[in-house]
J.: 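One structure, as C-alpha cells, below. Some questions next.
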Amino acid sequence: MPKTYRIVLLPGDGIGPEVIAETRKTLEALAPLFDLTFDFSEQLIGGVAIDETGSPLPDATLTACQQADAVLLGAVGGPKWSDPAAAVRPEQGLLGIRKALGLYANLRPIKIYPQLLTASSLRPDVLAGVDLLVVRELTGGIYFGPRQEGSEEAYDTMLYTRPEVERVVRVAARAARGRRGRLTSVDKANVLASSRLWRQTVTRLMAEEFPDVEVEHVLVDAMTMHLIRRPADFDVIVSGNMFGDIITDEAAMLAGSMGMLPSASLGDGSRGLYEPIHGSAPDIAGRGVANPLAAILSAAMMLRHSLGEEDAARAIETAVERALDAGYRTPDLAHTALPDQTVEVVGTEAMGEIVRSHLTPISV
Ligand code: NAD
C-alpha cells in the first residue's frame, strides 16, 4: 500500500501559481518512484483570496491546512493590493496561517551550487563549499513585544521567555545533529538582557540535551561580517526574530538569486509550511519565465521535515543539481555560465519538465 500524504497547495498571487504548478507536477512524477501518494487540495490565500472571498485567509483554507500533513505556498501580494491603508492585505494571510499553525521556527538553507558560483556578487573562492542553515525564531521577540507609538516617543520591546528560546534551539540543534554537528547561536548579549537570557538558555540546553553538538555564541554585528568573509565555516545558525530576519536576507544574497532558495516554517508537530523565499514577482508574472526551483526545493524540504521521506527529498535535490549540470537556466540565472560551460535558457514549465526527467529512485 502506498503511503498517502495530504498536502494543501496555496498558489497565491503573481508567479505563485506558476511555480506551484511545476512543484505539484514534480511531486506527482516522484510519487510512483517512492511508492507514495499525494492527496492535493488547492486553496486560496493572499490577494486572490481577497478578490474571491473578501478575506486573505478564508476559513476553508485554514481548516484544510489544519487537517493537512503539510502546506506548500507560492507567494502572496502584488500592486493590486498594495495600498498600505487597506484594511485587508495579502500578507495578513501569511501571518495568519503561520500563527494558526503555531509555526515558530523558520528554516532557510543556503547552499551554493558549484554550477552557480558566479551568480553572487561575492568572489567564487569565498563562496565555494557554502552549505548553511539559518533557523530564525518567528513568533516572539521585538516584532511581537509590547509597543507604543507617539509623535514624540515610541518604543518596541524585545521580550523572550525561556521556553520560547528552548523550543527554537531544539529545532536548530536537531538539524545540526543531522548535518555537520555545529551550531552557532547569534545574539547581542553584551548589551541586551533578552540576549543574555537567550545565551544562558542555549548554553544550558545544549549541555543537557545535545552534548554531541558543538556550540558557539557570536554577536550579531560580528556575524554579519563573518557571513561575508567566511560563510563556508558555518553549519547551523540560530537566532531570535529580528536578528534572524536580517541575517537570512544577508545569507540569501550569498546564493545570488531569489529563485533558488526554499524555506520551511515548523512548530511542535511534524506539520509545516513550505515556501520559496521570493515574493510574487509581479514584474515577471504571467510570462512563463519564473524560476520554479525554489518552490520545487521547498517540496524537498517538506518531504524531509514533515513527511520523513529523506530519500525522496534527496531525489528532488539531486534532480535539480543534474538539471543545472546539464546547463539549463531560467532567465534570472542566464548570466551564470562558467568559462567552460554553455547554458540553455528555458522557461518555468520547461525547467520543471527537465527536473522531472532527472528524477531517479536514489537512496541515501
Ligand atoms: P520579489 O521576490 O517578488 O521580487 C524581487 C525580484 O526578484 C524581482 O525582480 C523578481 O522578478 C525576482 N524574482 C523573484 N522570484 C523569482 C523567481 N522565482 N524567478 C525569477 N525571478 C524572481 O520581491 P518584491 O518585488 O519585493 O515583492 C513583490 C511582491 O511580493 C510584493 O507584493 C511583496 O509584498 C510580495 N512578497 C511576498 C512574499 C511571500 O509571499 N512570502 C515574500 C516577499 C515579498
Side-chain angles (χ1 to χ4, degrees), residues 9-23 26 43-51 56-57 61 65 71-86 88-99 101 103 106-108 113 116 119-121 136 138 143 244-246 248-249 252-253 255-265 272-299 301 320 323-324 328-336 343 345-352 354-355:
L9 300 174
L10 304 176
D13 306 315
I15 62 169
E18 300 169 41
V19 297
I20 289 296
E22 294 314 308
T23 307
T26 302
Q43 301 288 336
L44 297 170
I45 195 164
V48 67
I50 295 174
D51 286 354
L57 181 61
T61 299
C65 292
V71 181
L72 260 174
L73 179 121
V76 298
K80 185 177 174 191
W81 309 278
S82 65
D83 176 4
V88 282
R89 295 170 49 79
E91 52 273 23
Q92 291 165 347
L94 198 51
L95 296 176
I97 192 77
R98 284 179 185 156
K99 186 155 186 256
L101 298 180
L103 306 173
N106 182 245
L107 279 64
R108 275 199 197 178
Y113 292 89
L116 304 180
S120 171
S121 50
R136 165 189 170 193
L138 206 53
Y143 294 170
D245 192 6
I246 296 163
T248 45
D249 271 14
M253 284 302 96
S257 168
M258 304 281 274
M260 291 300 299
L261 297 175
S263 78
S265 297
L273 173 76
Y274 299 84
E275 56 180 316
I277 73 156
H278 60 72
S280 59
D283 53 333
I284 57 167
R287 289 175 31 206
V289 294
N291 185 345
L293 296 180
I296 290 172
L297 290 167
S298 298
M301 289 191 83
V320 167
L324 295 173
Y328 296 104
R329 306 282 188 271
T330 41
D332 54 309
L333 297 173
H335 61 290
T336 58
V343 301
V345 179
V346 296
T348 311
E349 206 176 335
M351 182 57 103
I354 291 158
V355 170

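Atoms within a ligand are numbered from 1 in the order they appear, just like the ligands themselves.
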J.: Measuring only between side-chain heavy atoms, which start at C-beta, is S298 closer than 4.5 Å to T23?
T.: no

J.: For the residue pair L138 and S265, establish whether any side-chain heavy-atom pair is separated by less than 4.5 Å.
T.: yes

J.: For R329, what residues pass the side-chain hydrogen bond (donor to acceptor under 3.5 Å, both in side chains) criterion, not counting sequence neighbours?
T.: T336, Q341

J.: Decide yes or no for R108 and L261: does some side-chain heavy atom of the first lie under 4.5 Å from some side-chain heavy atom of the second?
T.: no

J.: Which protein residues come within less than 4.0 angstrom of ligand 1, counting heavy atoms only?
T.: I15, A75, V76, G77, G78, L94, M258, G259, E275, H278, G279, S280, A281, P282, D283, I284, A290, N291, D332

J.: Do L57 and Q43 come close enough that some side-chain heavy atom pair is under 4.5 Å?
T.: no

J.: Should the pair D13-K80 be classified as a salt bridge under the 4.0 Å nitrogen-to-oxygen rule?
T.: no

